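Everything below concerns the one structure shown next.
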Amino acid sequence: MKVRVMDVYFEAAHYTGFSDEYNYLHGHTYKIDVEYEAELGGGDYLMDFEAINSVVQGVARRWNYKLLVPEGDVGRIEIRAPFKVEIKPVRGRYATAEVICRQLLEEVRGGIGRSDGRLSLTVWEGPRYAAQCSE
């Protein structure tokens with residue numbers, strides 16, 4: 001059995017770093033879709049929709065309006081501006097959708113608090129491009 005939470009959004013900026021062609025600071029409206037799969041069992045429901053939605057929304061809030069920076073670059077970033085800047089370190093060499101997907105999946109899993117079942121996550125960088133990861 002599977003349950004899904006779809007269309008959870010956050011805004012963030014990043015740079016990819018792996019190619020000069022794309023190494024510009026830019027932003028996306030990211031969309032997260034989460035799927036949880038496990039045996040149904042005797043309770044007639046897999047997981048409360050509101051409970052999993054609350055976890056995914058909470059993760060999205062922690063990523064919203066952040067500058068996504070690879071951990072190795074965090075100490076090298078200097079921004080002086082008349083606006084707020086909050087850095088969200090990502091665990092990878094580059095702040096790609098693939099790396100972001102893995103980290104979002106880990107954060108959602110930690111929020112669910114259950115070790116059973118299989119979690120999958122898709123993170124969209126706009127309407128055409130996405131990375132999908134699963135346990």
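All figures in this text were calculated on a predicted structure; none of them were measured in a lab.
Within the structure, side chain to side chain donor-acceptor pair (under 3.5 Å) pairs that include any residue of residues 102-111 comprise Trp63-Glu107, Lys88-Glu107, Arg91-Glu106, Arg109-Glu135 (at least two apart or interchain).
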Go through Ile112 and Ile52 one step at a time and tell me if the side chain to side chain contact (heavy atoms under 4.5 Å, CB included) criterion holds.
CA-CA 7 Å; Ile112 288 176; Ile52 193 168; 4.2 Å; yes

Would Tyr15 and Val69 count as a side chain to side chain contact (heavy atoms under 4.5 Å, CB included) here? Give the steps.
CA-CA 8 Å; Tyr15 55 95; Val69 175; 3.5 Å; yes

Test side chain to side chain contact (heavy atoms under 4.5 Å, CB included) on Asp7 and Lys31; report intermediate values, then the result.
CA-CA 6 Å; Asp7 300 333; Lys31 181 176 83 159; 3.2 Å; yes

Apply ring pair (Phe, Tyr, Trp, His ring centres under 6.0 Å) to residues His28 and Tyr30 and explain how you reach the verdict.
CA-CA 6 Å; His28 296 283; Tyr30 289 93; 5.2 Å; yes

Go through the steps for Leu104 and Val34 under the test side chain to side chain contact (heavy atoms under 4.5 Å, CB included), then give the verdict.
CA-CA 10 Å; Leu104 287 167; Val34 174; over 6 Å; no

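How far CE of Met1 is from CE of Met47: 13.5 Å, rounded to the nearest 0.5 Å. From Asn53, atom CG reaches atom CG of Asp48 across 9.5 Å, with rounding to the nearest 0.5 Å. Atom CD1 of Ile79 sits about 5.5 Å away from atom CD1 of Ile87, to the nearest 0.5 Å. Separation of atoms NE2 (His26) and OG1 (Thr16) is listed at 6.0 Å; rounding is to 0.5 Å.
The closest side-chain heavy-atom distance from Phe10 to Ile32 is below 4.5 Å.
No donor-acceptor contact under 3.5 angstrom links the side chains of Asn64 and Tyr9, judged on distance only.
A pairwise comparison of heavy atoms in Cys101 and Val123 identifies CB-CG1, 3.7 Å as the closest pair. Of all non-hydrogen atoms in Leu46 and Ala38, the two that sit nearest each other are CD1-CB, 3.5 Å.
For His14 (side chain) and Ala95 (main-chain N/O), a donor-acceptor pair under 3.5 Å exists by modelled atom type. Remark: side-chain polar atoms of Asp33 are not paired, donor with acceptor, to backbone N or O of Met6 under 3.5 angstrom.
Counting non-hydrogen atoms of other residues, nucleotides and ligands closer than 6.0 Å to CG of Asp116 gives a total above 12.
The side-chain contact (heavy atoms from CB on, under 4.5 Å) search around Arg118 returns Glu37, Ser120, Ser134, not counting sequence neighbours. In this structure, the salt bridge (Lys or Arg N to Asp or Glu O under 4.0 Å) partners of Arg4, at least two apart in sequence or on a different chain, are Glu35.
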